[in-house]
Amino acid sequence: MKTILLLLCITLSAAAVTAQSKYYTKSGKIYFDATSPKSPENVNAVNKSVICVLDSKTGNLQFSVLMKGFEFERALMQEHFNENYVESNKFPKGEFKGVISNNGAVNYAKDGVYPVKVSGKLTIHGETKAIETNGTLTVKNGKVTATAEFVVTIADYKITVPQLVADKVAKTATIKVDCMLDVLKQ
Amino acid sequence: MKKKSFIWYTLLIVLIIAVAGGFYAYKEFNRKAKSMSEEQAAFRLTQAELLNEFSANEKAATEKFADKVLEVTGVVKLVDTDDKGFATVVLGDSGSLSSVRCSIDSTQTQTTASLQPNTKITIKGICTGYNADELGLGSDVILNRCVLLKS
């Protein structure tokens with residue numbers, strides 16, 4: 001009986017520790033830039049309502065974003081982005097599910113800047129592709145800021161750019177992630 | 001003589017159409033997103049009503065509200081301001097994880113800086129959709145480019 005109680009205590013306290021180990025935000029930022037190198041036209045947008053959850057125990061990392069939430073400077077560009085390119089009515093969300101492969105090198109209890117390697121699956125426009133990128137975790141006063149920058153090939157996600165504007169939209173898009181995460185209190 | 005003037009008139013009309021078309025294309029190309037203060041709200045409702053519609057039927061609510069301008073009244077749960085000055089006003093009950101999250105238009109962040117929790121406010125913004133609770137963080141309706149109407 002005592003053993004069972006002890007085991008129960010251990011399991012419970014382990015669960016409590018796991019609950020403490022999650023960091024999250026619902027107002028992370030993702031910047032997107034597909035400006036063609038030869039074109040003077042800026043094709044860029046920002047989304048300020050990105051959900052990001054990081055499990056510091058396992059290094060599991062997850063992002064979720066509503067495609068309609070990307071704000072462009074030009075209204076027409078935003079309409080084309082939603083209607084023709086990412087088809088946000090059909091595919092409302094973009095998602096990334098991955099893991100920090102060198103999570104052991106990050107000390108979440110100690111302030112510092114930690115370079116990380118992230119690999120996982122990115123879903124945009126209903127297409128899922130494996131990606132790998134380098135990023136940074138900055139631990140400061142109990143908060144973790146996750147930043148990363150990577151390049152995706154637009155055609156990989158079955159997004160077709162009409163011939164007419166092919167020289168105005170780059171073949172690749174640079175995606176910049178900037179999320180300040182708080183401890184998840186449960 | 002008559003034939004010649006007819007050609008001239010035709011040319012003139014073609015020219016006017018071309019100029020007007022060009023002007024329209026230029027205006028359309030440079031069109032900025034309309035300021036939220038000038039937009040007419042398609043729906044006026046409370047934060048709880050909006051959340052209920054989405055949690056009852058996400059698909060129907062998305063069709064009804066997404067891309068529409070909404071005026072939402074609710075109680076401030078918190079104002080989430082980041083290191084770059086971007087602000088999100090969260091409307092909802094402090095007892096519930098679910099809320100209506102209003103990303104404030106970057107030109108309007110000074111109006112929400114002094115907002116206190118538990119204040120009842122009305123906010124206007126464009127609905128971008130719903131994040132159903134998949135991660136144990138509560139479900140949220142997201143509004144974008146929001147402006148504060150009154151507190």
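Letters A, B, ... mirror the listed sequences (proteins, then strands); counts begin at 1. This one's a predicted model, so the numbers in the text were calculated from it and none came from an experiment.
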Greater than 12 external heavy atoms within 6.0 Å of B/Gln110's CD | yes
In the single-linkage hydrophobic clustering (I, L, V, M, F, W, Y; side-chain heavy atoms under 4.5 Å), do A/Val165 and A/Tyr157 co-cluster?
-> yes
Let me know if B/Leu137 has heavy atoms under 4.5 Å from chain A in its side chain, its backbone, both or neither.
-> both
Are A/Phe96 and A/Phe150 grouped together when hydrophobic residues (ILVMFWY) are joined by side-chain heavy atoms under 4.5 angstrom apart?
-> yes
Got more than 12 heavy atoms from elsewhere within 6.0 Å of NZ, A/Lys38?
-> no
Picking from B/Asp140, B/Thr62, B/Leu143, B/Asp83, which has the most non-hydrogen pairs under 4.5 angstrom with chain A?
-> B/Asp140
Can you establish whether the number of heavy atoms outside B/Leu12 located under 6.0 Å from its atom CG is more than 12?
-> yes
Can you name the closest pair of heavy atoms from B/Tyr130 and A/Lys93 and give their distance?
-> O-CE, 3.6 Å
Check the hydrophobic clustering (I, L, V, M, F, W, Y; side-chain heavy atoms under 4.5 Å; chains of links allowed) and say if B/Val90 and B/Phe54 are grouped together.
-> no
Between A/Val53, A/Leu76, A/Thr145, the one whose heavy-atom pairs under 4.5 Å with chain B are most numerous = A/Leu76
In terms of hydrophobic clusters joined by side-chain contacts under 4.5 Å, are A/Ile100 and A/Phe63 together?
-> yes
A/Glu73, CD atom: more than 12 neighbouring heavy atoms under 6.0 Å = no
Do A/Val139 and A/Met180 share a hydrophobic cluster, counting only Ile, Leu, Val, Met, Phe, Trp and Tyr and linking them when any side-chain heavy atoms are less than 4.5 Å apart?
-> no
Could you look at A/Glu79 and say if it's the side chain, the backbone, both or neither that has a heavy atom under 4.5 Å from chain B?
-> side chain
Region of A/Ser27 in contact with chain B, defined by heavy-atom distances below 4.5 Å = both
Minimum heavy-atom distance A/Ser49-B/Ile142, with the two atoms named | OG-CG2, 3.6 Å
To the nearest 0.5 Å, tell me how far A/Arg74 CZ sits from B/Arg31 CZ.
-> 11.5 Å
Would you mind checking which part of A/Asp178 comes under 4.5 Å of any heavy atom in chain B, side chain (CB onward), backbone (N, CA, C, O), both or neither?
-> side chain
Return the option, out of B/Asn131, B/Asp82, B/Asp80, B/Thr88, with the maximum number of heavy-atom pairs under 4.5 Å with chain A.
-> B/Asn131
B/Asn30 portion near chain A, given a 4.5 angstrom heavy-atom threshold = both
So what's closer than 4.5 Å to chain B heavy atoms on A/Lys26: side chain, backbone, both or neither?
-> both
Among A/Gln78, A/Met67, A/Lys29, the residue with the most heavy-atom pairs under 4.5 Å to chain B is A/Lys29
Is the number of heavy atoms from other residues, nucleotides or ligands under 6.0 Å of B/Lys68 NZ greater than 12?
-> yes
Below 4.5 Å from any heavy atom of chain B, which atoms of A/Glu71 appear? Answer side chain, backbone, both or neither.
-> side chain
Count the heavy atoms belonging to other residues, nucleotides or ligands that lie under 6.0 Å from NZ of A/Lys121, then report whether that count exceeds 12.
-> no
Mind checking which of residues 101-109 of chain B sit less than 4.5 Å from chain A, heavy atom to heavy atom?
-> B/Arg101, B/Ser103, B/Ile104, B/Ser106
